[in-house]
Asks: 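Have a look at this one before I ask anything.
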Amino acid sequence: MEKAVQPASSSQWLLGALSLPRRWRLGAAPIIAGLLLLAIVLATLLAPLFVTHDPLAMEATKRLQPPSSEYLLGTDPYGRDMFSRVFYGGRVSLLIGVGAALVSIALGLIIGLIAGFFRTADAIIMRIMDSLMAIPAILLAIALVALSGASIGSVIIAITIPEIPRVVRLVRSVVLSAREEPYVEAATALGSSMPKILIQHLMPNTMAPLIVQGTYICASAILIEAILSFLGAGVSTEIPTWGNIMAEGRSYFQLNPGLIFWPGLMLSLCILSINLIGDTARDLLDPRLKKREA
Amino acid sequence: MRFNSRDFSNNKVVLDVRDLSVRLPNQPQVAPILNQVSLQIRAGETACLVGESGSGKSVTSLAVMGLLPKDALRVTGGGITLSGRNLLELTQKEMRAARARNMAMIFQEPMTALNPVMRVGDQIEEVLKVHGDLPQKARQERVLAIMEQVHLPDVRRVYASYPHQLSGGQRQRIMIAMALILEPELLIADEPTTALDVTTQGQILKLIAELQEKQDTAVLFITHDMGVVAEIADSVHVMKDGQVVEQAPVEQLLRQPREDYTRKLLKAVPSLIPRQERPETLSEPESQGEKVLQVQKLRKVYGGRGFFRRGEGTLAAEDVSFAITRGRTLGIVGESGSGKSTVARCVMRLIEPTDGQIVVAGSEIAQLSRQALRPHRRHIQIVFQDPFRSLNPRWKVGRSLVEGPVNYGASRQEAMQQAGDLMELVGLPREALGRYPHQFSGGQRQRIAIARAVAMKPDVLVADEAVSALDVSIQAQVLELLADIQEKLGVAILFITHDLRVAAQICDDILVMQNGKIVEYGPAGDVLANPRDAYTRALTDAAPGRGWDFANFRELQSA
Amino acid sequence: MLGYIIRRILAILPVLLIVAVIVFLMLRLSPGDPAAILAGDAATPAQIDRIRTELGLNDPLHVQFITWMGQLLQGDLGTSLISRTDVWTMIERRIDPTINIALLTIFISVMLAVPMGVIAAWKHRTWADYLVMTFSVLGFSIPVFVIGYIFISIFSLQLRWLPVQGYTAPSEDLLGFFQRAILPALTLATIYIALIARMTRASMLEVLNEDYIRTARAKGVSERDVLFRHALRNAAVPIMTIIGIGFALLIGGVVVTESVFNIPGIGRLTVDAILARDYPVIQAMILLTAGIYVLVNLLIDLSYSLIDPRIRY
């Protein structure tokens, strides 16, 4: 007889469900990244507990102050405390990042499943997606915000729309390749209906790549938000976001580089840690994804 | 059957492997991959290294070539001596110089082993460029000469071809030319014919023997196929779990194997003698002679239609007609590209037949829409080749087994109950229903796939190369299981295979296909023993070791 | 081959048509009113309405679209609402700096990124690999304008090696061009290098696992030839693909970089037009960039057959 059946354990449920490799090899980088991201998220959420000033309060007499014990990172051109603004600013940036990731994954998943399974819809959907991809994301986003107004919601939508084609393509490619798997053909032979095959057999295959893609979209959304604000097409300047803080510091950059440096640093650390976590997730979930979405 | 029986004791020892051990680095607790492997090959000798997958055959050959994956495996003991030089002490540079000049290797997959973006002639020429300083002109002459020697046609054209423009056999000839152009003392061949069709395999084996004779090369030939061993080996080394368990001259090993493991391997080799003819009577008289699957003039053309596309498309099957009676097995035999799998997939309606009729359990299904087809699907089920992809990796086995019955109205509970019975039927414990596919071996998964198909109580079971991916001992068990199930349930089996030995073991009737057409169709005994068609004869003649009855350690006694 | 090229060019047309529809709908359905912008702040409703009729904005949507497409097909991109200049002329005046800097960027990126990726794959899991990957992930994580300001503050303000901002045409003063273009090009190149190096590494890692690489080593081929003769060419198709896809990123980056370095290119033109709701200019610029993107990717697709003989059309 062959090798005895291996015993099942509860941890293998997770391995089976996500088809993770048996051995987790985590280096130091993702752990540091995870802790860093956790710290940034907590710091922005708990900002009211430790910041020294109201981030919106302007002091006309205290414009562009250098760092001091009162203003830890100095003040901006309107006399607002940079230290408080940098932490408060993270809240909206993170909200936009997470929001854009969730919305684009949800919409992309639905459209991608339809495109992957129905040949007639596929041709039309993919032509539209190709066209959206042909418009540079930043240009499309600026145009959408500039034309529809500068609320947080419209910024999320503006960032989401250019991201959707990429999610659709990813979902569709996973569905198309999974359709060829013998176990899906076996399900057809067993008389399972199309919707059942789609949802029970094919959709779970898209989860791992979507988790990875979601982290990248989150990072890229935070970046695009900053660029939008920088170009003057972002969230209203009354709301502090990392992008807005830098945009307002732009003209005084030569006087006080800290106006761009500190929010830029926070933003970059945040995106860096999300990207590193995304890379780790990708390596763990599917090594072959490397080629599909580098 | 005539075995090689030349005497090499006066020839010099070319390769001498002594107590070679290979381990995973930094993991002393894991059992070694190779455990004190020793073997010797003399000039002109062919040593076969046989064993099932994971036995360490390929690791041995890569260790000799110095091509073990750098971080993954490490030689931890023993020595490898090539014509008196200890290879383990050579520097990287010396090792590179020794490759191709002193020892060369050919691999299993001639498609992937050649660089797809380089002309094959240049790939052979590169060997000369790396090892020596012949002028360009002389190099080309030399390459054309060796290409002639490996009997490639039209060598100037082939020289300028890319690998994808050549057939599998031609690619393997290129590999051989590349390996032997510098006349190395040692040639390592790692399953060089496994990926080839049986008729091509015969030619390649002959070619290797011919060049070996000419150059007096020592050949280390790795294979899992006992037929090939019987054809070409001088000496045989049987490996299991990283150890050599038995070494002997070929005839001695096949006639009087000493070790149990060797006997087990040989016993599992299916015989080429067709199974005993079965009378067409079954326990239930009313179903006697009932045709459960009838295929009439089936035709399949791939491609062809399309908005911007012109042309005919590729004809994959034409004028294919056959029928199977309840409780009997029909084998469709053919080489790659013969259209045998296309027929299976059309019959299953996994692809759309272009033309023809398919009658399953009395209903014509060839033209039904997907929706109208669903009620009929339960009558015909399939088992696929690759056991690692035929079960949903995210589903527990139980869920896979009840999927079909639940689709046809069974309650989950009764389906689960039945699934448990089926697990026992295919020789697995009932509790295994709660486990995931990755917790089973390949053979076990194939049993589960069979159980899943049988759960539908089908009239016809299609087995598409269902045992081809399995080691020979597992293969025998799965074949036995299929026969057993057929006896118990009276299901008809359509068995698709490229392997005549397997077909001989299980089929009542055999249908031979070539280039999409039927060339011969009749009772297994007639087709295999007295083939009428020239192609069928070529197929049976090419089956390696066909004069030997491996399981009984003696010449084949023709019935 | 020729038939394939023609088919591919024909296949571009629906993509561009859909882009045109998207842009058109986006602009027409947004709340702003170009007539009001054109009329200025002091205009009366009657004046605005007269302008609306003049511009055809009171026509049904499909009529407006057909009129606009008709003009487009005649090569008429319209007239700017703000400067009242022909849009073609505006683009012609501003396109030079953008093209020159973009070409410099692509050159720098490919020359640096491909060797970086090859070395990272070859020295997989060593410090060289980690260095390249660190650079790559940093390149993705720092906003392009922050990189721009960092470069300005180091090379222009601290070291005073280069001028801070502005642009000189290479035809006027070649050295001056490089002095002013090198920082914007490097800024733009950062993310492009990150992208290409990463893809080169991934693609090379995959190719280095292939059987034919083992064959090459079994022939005794040196490591350098294994990498550059055997592996790189096989890894090239995904690298080319990512260069094409990254082109969209580059166009986006141009918009930002031109603002940071105060370069009078079409990126700035576009941003200014969007912020001022200068509809004809926005429409023209989005169509133009989409057209360039599609064309570049078509050229890259067609070049695959030069690299890989298995790809035949």
Side-chain angles (χ1 to χ4, degrees), chain A residues 27 29 33 127-128 130-149 162 166 216 219-220 222-224 226-227 230-233 242-243 246-247 250 253-254 257 260-261 263-265 267-276 279 287-292 294, chain C residues 14-19 21-23 26-27 29-32 130 133-134 137-138 140-146 149-150 152-153 157 164 195 198-199 201-203 205-206 238 242 245 247-256 259-260 270-271 274-275 277 282 285-286 289-291 293-294 297:
Chain A
R127 283 299 78 69
I128 296 178
D130 283 350
S131 309
L132 275 177
M133 294 249 290
I135 307 176
I138 291 180
L139 226 53
L140 185 55
I142 310 172
L144 284 168
V145 178
L147 298 170
S148 64
R166 250 165 288 181
Y216 292 145
S220 125
I222 295 174
L223 257 183
I224 294 178
I227 290 174
F230 178 81
L231 294 173
W242 286 328
M246 287 186 276
R250 199 178 150 185
F253 164 69
Q254 297 195 25
I260 287 189
F261 181 75
L265 182 69
L267 174 88
S268 300
L269 285 177
C270 181
I271 296 172
L272 183 68
S273 50
I274 298 175
N275 276 334
L276 284 173
D279 283 355
R288 277 164 308 161
L289 264 178
K290 266 187 191 123
K291 244 186 115 171
R292 222 178 288 153
Chain C
V15 171
L16 289 181
L17 183 70
I18 297 172
V19 171
V21 173
I22 293 171
V23 172
M26 196 168 78
L27 295 183
L29 298 180
S30 71
Y130 293 131
M133 286 311 279
T134 307
V137 74
L138 279 176
F140 278 120
S141 304
I142 306 176
V144 65
F145 58 88
V146 173
Y149 282 121
I150 291 174
I152 292 178
S153 103
L157 301 178
V164 177
L195 188 73
R198 209 175 149 95
M199 186 44 115
R201 173 180 177 273
S203 184
L205 279 178
E206 194 154 316
I242 206 73
I245 293 173
F247 204 75
L249 219 61
L250 190 66
I251 296 174
V254 163
V255 172
V256 181
S259 290
V260 172
T270 314
V271 178
I274 291 175
L275 295 180
R277 292 169 174 260
I282 302 176
M285 289 314 304
I286 291 183
T289 47
Y293 175 82
V294 173
N297 279 286

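This one's a predicted model, so the numbers in the text were calculated from it and none came from an experiment. Chain letters run A, B, ... following the sequence lines, proteins first, then strands; residues in each count from 1. Below, each value reflects all heavy atoms present in this structure, side chains not excepted, and no hydrogens, waters or symmetry copies.
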Asks: Please determine, among A/Leu272, A/Ile274, A/Ile138, the option with the most heavy-atom pairs under 4.5 Å with chain C.
Replies: A/Leu272
Asks: Under a 4.5 Å heavy-atom cutoff, which of A/Gly243, A/Ala143, A/Ala137 has the most pairs with chain C?
Replies: A/Ala143
Asks: How close do C/Ser259 and A/Arg250 get, heavy atom to heavy atom, and via which atoms?
Replies: O-NH2, 3.4 Å
Asks: Given heavy-atom pairs under 4.5 angstrom as the criterion, report whether the side chain, backbone, both or neither of C/Val137 touches chain A.
Replies: both
Asks: Could you report the tightest heavy-atom contact between A/Ala233 and C/Leu275, atom names first, then the distance?
Replies: CB-CD2, 4.1 Å
Asks: Taking A/Ala146's backbone N and O only, do any of them form a donor-acceptor pair with C/Arg277's side chain (distance below 3.5 Å, no angle check)?
Replies: yes
Asks: Let's test your reading of the structure: which of A/Val145, A/Leu276, A/Ile142, A/Leu269 forms the most heavy-atom pairs below 4.5 Å with chain C?
Replies: A/Ile142
Asks: How long is the gap from CD1 on A/Ile260 to CD1 on C/Ile150, to the nearest 0.5 Å?
Replies: 9.5 Å
Asks: After noting the C-alpha distance and the side-chain angles of C/Ile274 and A/Leu231, does the key distance pass the side chain to side chain contact (heavy atoms under 4.5 Å, CB included) rule?
Replies: CA-CA 10 Å; C/Ile274 291 175; A/Leu231 294 173; over 6 Å; no
Asks: Which atoms of A/Ala219 come close to chain C, meaning under 4.5 Å heavy atom to heavy atom: side chain ones, backbone ones, both, or neither?
Replies: neither
Asks: So which part of C/Leu138 gets closer than 4.5 Å to some heavy atom of chain A, the side chain, the backbone, both or neither?
Replies: both
Asks: Locate the shortest heavy-atom distance separating A/Ser268 from C/Pro143; write the atom from each residue and the value.
Replies: OG-CD, 3.6 Å
Asks: Non-hydrogen atoms of chain A under 4.5 Å away: do they reach the side chain of C/Tyr149, the backbone, both or neither?
Replies: both
Asks: Exactly one of C/Val21, C/Leu17, C/Ile18 should register a side-chain contact (heavy atoms from CB on, under 4.5 Å) with A/Ser131. Which one does?
Replies: C/Ile18
Asks: To the nearest 0.5 Å, what is the distance between OG (C/Ser153) and CZ (A/Phe261)?
Replies: 9.5 Å
Asks: Quick one: which of C/Phe145, C/Tyr293, C/Tyr130 has the most heavy-atom pairs under 4.5 Å with chain A, could you say?
Replies: C/Phe145
Asks: Which residues pass the side-chain hydrogen bond (donor to acceptor under 3.5 Å, both in side chains) test with A/Asp279, not counting sequence neighbours?
Replies: A/Tyr216, C/Arg198
Asks: Starting at CD1 of C/Ile22, measure out to CG of A/Leu140 and round the result to the nearest 0.5 Å.
Replies: 8.0 Å
Asks: Answer with side chain, backbone, both or neither: which region of C/Val294 has an atom nearer than 4.5 Å to a non-hydrogen atom of chain A?
Replies: side chain
Asks: Given that the side chain runs from C-beta out, which part of A/Leu223 has a heavy atom under 4.5 Å from chain C: side chain, backbone, both or neither?
Replies: side chain
Asks: Got a second to check how far C/Phe140's CZ is from A/Asn275's CG, nearest 0.5 Å?
Replies: 7.5 Å
Asks: Tell me, side chain or backbone of C/Leu157 under 4.5 Å from chain A's heavy atoms, or both, or neither?
Replies: side chain
Asks: Once rounded to the nearest 0.5 Å, what's the spacing between atom CD1 of C/Ile251 and atom CD1 of A/Ile135?
Replies: 11.0 Å
Asks: Which atoms of C/Thr270 come close to chain A, meaning under 4.5 Å heavy atom to heavy atom: side chain ones, backbone ones, both, or neither?
Replies: side chain
Asks: Quick one: which of A/Leu267, A/Ile271, A/Ile222 gives a side-chain contact (heavy atoms from CB on, under 4.5 Å) with C/Ser141?
Replies: A/Ile271
